[in-house]
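Below you'll find the structure, written out as structure tokens, and then a few comments.
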Amino acid sequence: MTTDTVQPTAIPERISGLVPLSRNLWWSWKPRAEALYRHLDPILFEALEENPVLLLGRVASERLREAAADPAYLAHYDEVMAEFEALLDAPPATTWVGAHQPELVNRPVAYFSAEFGVHPALPIYSGGLGVLAGDHTKAASDLGLPLVGVSLLYRHGYLRQRLTHDGWQLDVTPLLEPGAEPTALMLGPDGEPLTVDIALDNPDERVKLHIWRVQVGRVALYLLDADVEGNPEWTRAVSSRLYGGDQEHRIRQEKILGIGGVRALRAMGIDPVYWHGNEGHAGFHLLERAREYVAEGLTFAEASERVIASSVFTTHTPVPAGHDVFPPYLMDRYFSFYWPRLGLSREEFLALGHHDASGDGFNMTALSMRLSGYRNGVSIRHGEITRSMWHDLWPDIEPALAPITSITNGVHLPTWISPPLQELLDHYLAPGWWKRVEDPATWEPVLSIPDEELWQIREENKALLLDFLHEYTRERWTSGEIDPKQVTAAGPFLQTQPLTIGFARRFATYKRATLIFNDPDRLARILTDPSRPVQLIFAGKAHPADDGGKRLIQEIFWRALDPRFQGRIAFAEDYDMLLASRLYAGVDVWLNNPRAPLEASGTSGMKAAANGALNLSILDGWWIEGWQANPESGWGLEPSALMDGSGDDADADTIYTALEQQVVPLYYERDDDNLPREWLRRSKEAIRSLAPLFSSQRMVIDYINRLYVPACKGGLRFEEEPAAVGSAERGE
Ligand SMILES: *Cc1c(COP(=O)(O)O)cnc(C)c1O
């Protein structure tokens, strides 16, 4: 049972389905469904950041009455509602999973992730990892995979970014009101909020957790919330902020996610057969499941055998800072009353998180690797790097054969392909194409799209991007909070004709956001050629504690103001899923220049490619595979072999040369109709070949076939074999 906290203003009965539809994020990847809300009040919808829950509470009732009396609107409404109901009522046999892996039907997988990027209105993500989890969830819904997501409800979401008049990043706390979000509080049979509890650092002080549900198509996502009446004041803030605090904040959050998450599923009567931990943050769920078995009478060795057999773990980065390592004093404080319940001594317990490179710290990735039988990195290259980083957990195995595989990331195409392009695809691809996005054959007809039509959509998307940026800046200007310098850095001189290059990502140093300024004079010559202008749009946040990242943003801010670049550089504030979707669709070239091999996968380039942009990237992460699959889909730049930073000059030179000799000339090679025929041909090649290969459907199908089916079998094996049998085996 759940309750919705905000009731919208009276909705005419005839269109009352808009309310349940607004509370299922399925609408967000169905342009036809989104259009139902947009139509009610397009300007208000934009102003509310495309949040239909808020829209229904604020739209004038006369707009609703008009819509309910408009035959065209009603026909559109009936069509969308029919599709929505068909989705929710579809018999399992009609789904991909029902048809291909029927043994997974009705056997839920729990998917734990510290963040989920499902929709901009639910800012419980900070970047790529969260958006990937969101895309995984959406594809699970599309494929009919019974997945249950588990995460935290961060009341203050992730920090929004504002730049000062000096280009310094300020981290502004947004307030996530329950009720403004498509969340519903889970209630118990007594009608009171369902509550689970957990001890954080004191076994006698129970912290209560509430559970919120977010519906993502056919899949539910459950968010734990420690901001509960009666909890000690300090604990109420624990789930409020995504990565806001210190290590102690992190260990509390991870206890809530892992241990509270298992308890929440049990309290709701959900018994997953197998489990997937997305990154080490979720690792404590493995301990809690082992504890449950030990409580039933198993030894820790028997319990962990069961946990290992039914668990999947994905690691997402080779960068050391991306792996949580907790010092022993924190483990003592938070787990000294817990490890006895696993039947372990302190030494045995701490050994679960041991990794040579982490000294005596407790490494969450090592824990997850040890207690999950199915492990993967997120691109072929990252699989190799991951094996080389973690092989010492298996001292008897040859390093290259460490039991860690790779499944390359993918993106949810219905979410990331812009609505205008989806409409064009509706005309040229087979009906229902979005049900088979992972199939390369679905995309073959892209090559038959007339150049004029694709060009028109690409120009339209570029104009939409510029409009979006300009409107954002206009509002900031109107608020009186920014000065003309800040306006200038935000890109008021961007135009629709120039070749437009996008670069947006977290400002982590290995991503080298300012590499393109390595030789400012050479860059200026490229950008300001009067007959072949080029413009650059940057976006991205630095971690609040990362002053180095903030300095890189500041450098770009000042470069944007430098008149020698003639207004052709912009920094767009507050990179989130909404800005991201506009950027991927609106740029011609997507630039990525990580310091190889530190980009585990990267996904933004996949989203840009699916919209017809060409990637210009250092060969690292996913792009090694993308460029190899189709070298026409962009430019693959050999990274310099030098890892110490001195390779920067060489990598920058490679980028300038590609721009000067290939990218810019190709874009400006026009025929009598002023169309860049060869460019458009390659743009179609990018969509045709990369979209299916790097779709989240392909990714989730890979997880299913390679990791979920065996993990499910592992879970079932022990379900049929109750705990008592396991204990008896001990005597053998
Ligand atoms: C896709 C996406 C990312 C991930 O981009 P990378 O290529 O991995 O850097 C980050 N943030 C948002 C908002 C995204 O949509």
Side-chain angles (χ1 to χ4, degrees), residues 28-29 49-50 113 115-139 157-161 242-243 278-279 314 316-319 322 377-379 381-382 408-418 465 468 502-513 537-543 549 552 572-587 589-596 598-611 613 615-618 620-626 634 690 694-696 699:
S28 71
W29 70 89
E49 299 188 327
E50 306 186 345
S113 181
E115 32 177 309
F116 277 88
V118 194
H119 187 265
L122 192 64
I124 57 167
Y125 64 94
S126 70
L129 177 72
V131 175
L132 182 88
D135 282 5
H136 191 106
T137 307
K138 291 170 183 173
Y158 191 61
L159 300 169
R160 308 208 88 159
Q161 178 190 54
L242 179 55
Y243 305 152
N278 190 42
E279 195 59 298
T314 304
H316 286 268
T317 180
V319 179
V378 291
S379 69
R381 179 84 179 111
H382 180 234
T408 303
N409 282 343
V411 299
H412 189 250
L413 299 171
T415 296
W416 294 108
I417 297 183
S418 72
L465 165 63
F468 180 86
F503 180 102
R505 40 192 46 88
R506 305 264 306 148
F507 273 66
T509 31
Y510 79 87
K511 302 223 183 206
R512 298 191 295 186
I537 305 176
F538 289 92
K541 295 172 180 170
H543 187 283
L552 297 179
E573 242 177 29
D574 205 29
Y575 183 45
D576 68 354
M577 288 178 72
L578 195 60
L579 168 57
S581 65
R582 298 296 195 279
L583 266 176
Y584 305 146
V587 301
V589 168
W590 193 252
L591 173 68
N592 192 16
N593 46 234
R595 183 167 290 145
L598 297 181
E599 183 82 305
S601 168
T603 50
S604 53
M606 302 173 185
K607 302 173 206 167
N611 279 289
N615 275 271
L616 172 66
S617 289
I618 297 278
D620 196 14
W622 82 281
W623 183 234
I624 297 175
E625 294 160 59
L690 301 184
F694 299 98
S695 64
S696 58
M699 169 180 75

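Atoms within each ligand, like the ligands themselves, are counted from 1 in listed order. Side chains are part of it too, since the values below use all heavy atoms of this structure and drop only hydrogens, waters and symmetry mates. Nothing here was measured: the structure is a model prediction, and the numbers come from that model.
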Which of the numbered atoms in ligand 1 are under 4.0 angstrom from any heavy atom belonging to T603? 1 (C), 4 (C), 5 (O), 6 (P), 7 (O), 8 (O)
Just distances here: any N/O of E599 and N/O of ligand 1 closer than 3.5 Å? no
If you have a sec, work out which protein heavy atom is nearest atom 11 (N) of ligand 1 and how many Å separate them, to one decimal? Y575 CE2, 3.5 Å
Report, in ascending order of atom number, the atoms of ligand 1 lying under 4.0 Å from any heavy atom of G602. 7 (O), 8 (O)
Using a 4.0 Å heavy-atom cut-off, which part of W416 comes near ligand 1: side chain, backbone, both, or neither? side chain
Ligand-residue contact atoms, ligand 1 with K511, heavy atoms, under 4.0 Å: 9 (O)
Between S113 and F116, is there a donor-acceptor pair closer than 3.5 Å when you use the side chain of the first and the backbone of the second? no
Can you sort out which atoms of ligand 1 are near A580, meaning under 4.0 Å from one of its heavy atoms? 13 (C), 15 (O)
Distance-only donor-acceptor check, side chains T415 and K138, under 3.5 Å: yes
Nearest protein heavy atom to atom 6 (P) of ligand 1, by residue and atom, and its distance? S604 OG, 3.6 Å
Can a donor-acceptor pair be found, under 3.5 Å and without considering hydrogens, that links the side chain of N611 to the backbone of W416? yes
Say whether, by atom type as modelled, one donor and one acceptor occur between the side chain of D576 and the main chain of L579 under 3.5 angstrom. yes
Heavy-atom distances under 4.0 Å decide this one: backbone, side chain, both or neither, for F503 against ligand 1? neither
Output the list of atoms in ligand 1 that are nearer than 4.0 Å to some heavy atom of D576, sorted by atom number. 13 (C)
Okay, side chain of S379, backbone of A600: is any donor-acceptor separation there less than 3.5 Å? yes
Is a side-chain donor or acceptor of E115 paired with a backbone partner of S126 at a separation under 3.5 angstrom? yes
Short list, please: which atoms of ligand 1 are under 4.0 Å from a heavy atom of R505? 7 (O), 9 (O)
So F503 and F538, would you call those rings parallel, tilted or perpendicular, with 30° and 60° as cut-offs? tilted
Around atom 14 (C) of ligand 1, find the nearest protein heavy atom and jot down its residue, atom name and distance. K607 NZ, 3.0 Å
Numbering as shown, the atoms of ligand 1 that approach G128 to under 4.0 Å (heavy-atom distance): 3 (C), 4 (C), 10 (C)
Does Q161 reach the main-chain N or O of G540 with its side chain, forming a donor-acceptor pair under 3.5 Å? yes
Do N615 side-chain atoms and G605 backbone N/O form a donor-acceptor pair below 3.5 Å? yes
